[in-house]
2 protein chains.
Amino acid sequence: MAKKIINNIRKLRFEHDEMTQAALAEALGVTRQTVAAMEGNKYPPSLELAFRLADVFDEDISYVFEYVNE
Amino acid sequence: MAKKIINNIRKLRFEHDEMTQAALAEALGVTRQTVAAMEGNKYPPSLELAFRLADVFDEDISYVFEYVNE
DNA sequence: ACTTAATGTAAAATATTTTTAACAATTATT
DNA sequence: AATAATTGTTAAAAATATTTTACATTAAGT
């Protein structure tokens, strides 16, 4: 049973004062395109960046990203 | 305040029937050197591999890897 | 309709991770 | 002491992730 990584970035951005991709990118220290790519599941971020994301949103990493059956 | 990723892989291997690095590598579908490198904090794994690790140990990803202040 | 802010997307370049291969060091067993 | 199993480590190549640059699209506000 194959699994895939999904993310709740868009949801979390809106729960955090409708933070824009650009504002999130700034907070993370990456480009806006990197945020867009992660959010759109173009490719997964590094573990380090995933943890920084969790920190910015003050959430557990396993809520920001989930590993679920396809 | 800089943070770093630490891991509990060695501990988890021993809690799981003293699983060797080779056996864990086999279960993950990676090489033994990759397991050794992760365990020795040579470099962090990809997010995908971190999730697979959590699956193998049946633990939450945030227990296998922790993001802590240095 | 026009302007601005926000987002989507893609190609090429750069950076990081994983693999491969090889050998050394350690630990356990006989 | 010798052997086997496990682990440590390193270098180079391969694979994958990330950044940059650039332009297109969408949504909101005036």
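Naming: A, B, ... by sequence-line order, numbering from 1 per chain.
The minimum heavy-atom distance between A/Tyr67 and B/Glu48, with the atom names listed, is OH-OE2, 3.0 Å. A pairwise comparison of heavy atoms in B/Ser62 and A/Ile61 identifies CB-CG2, 3.9 Å as the closest pair.
Listed candidates were C/dT18, D/dT7, D/dT18. Nearest to the side chain of B/Pro45 is C/dT18.
Evaluated for a side-chain contact (heavy atoms from CB on, under 4.5 Å) with B/Val35, the options B/Leu24, B/Thr20, B/Leu53 yield exactly one hit, B/Leu24.
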Query raised in the report: Should A/Ile5 and A/Tyr43 be marked as a side chain to side chain contact (heavy atoms under 4.5 Å, CB included) after you check the CA-CA gap, both sets of side-chain angles, and the distance that decides it?
Result: CA-CA 10 Å; A/Ile5 297 171; A/Tyr43 54 76; over 6 Å; no

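Per the geometry, CG belonging to A/Leu53 stands 16 Å off P belonging to D/dA17, to the nearest Å. Across the protein-nucleic acid pair, A/Lys42 atom NZ and C/dT7 atom C1' stand 13 Å apart, rounded to whole Å. Atom P of nucleotide D/dA5 and atom CZ of B/Arg13 are separated by 17 Å, given to the nearest angstrom. Rounded to an integer number of Å, the gap from B/Leu47 CG to C/dT16 P is 18 Å. D/dA5 atom C1' lies 11 Å from atom CZ of B/Arg32, rounded to whole Å. Computed from coordinates, the B/Glu48 CD to C/dT18 P distance equals 11 Å when rounded to whole Å. The distance from atom CG of A/Asp17 to atom P of C/dA6 is 12 Å, rounded to the nearest whole Å. In this structure, A/Leu24 places its CG atom 10 Å from P of C/dT7, rounding to the nearest Å.
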With 3.5 Å as the limit, what N/O pairs link the protein to nucleotides 19-21 of chain D?
from   : atom 1 : to      : atom 2 : distance (Å)
D/dT19 : OP2    : A/Thr34 : OG1    : 2.2
D/dT21 : O4     : A/Gln33 : NE2    : 3.0

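Tracing side-chain contacts under 4.5 Å through hydrophobic residues (I, L, V, M, F, W, Y), one never reaches B/Ile6 starting from B/Phe51; they form parts of separate clusters.
The 12-atom threshold is exceeded at CD of A/Glu15, counting heavy atoms of other residues, nucleotides or ligands nearer than 6.0 Å.
Taking the nucleotide of DNA chain D with the nearest heavy atom to each of B/Met19 and A/Pro44, the more 5' of the two is matched to B/Met19.
At least one side-chain heavy atom of B/Leu49 sits less than 4.5 Å from a side-chain heavy atom of B/Met38.
The side chain of A/Ser46 contributes an N or O atom lying less than 4.0 Å from OP1 or OP2 of D/dT18. Using a 4.0 Å cut-off, some side-chain N or O of A/Gln21 falls inside it from OP1 or OP2 of C/dG8.
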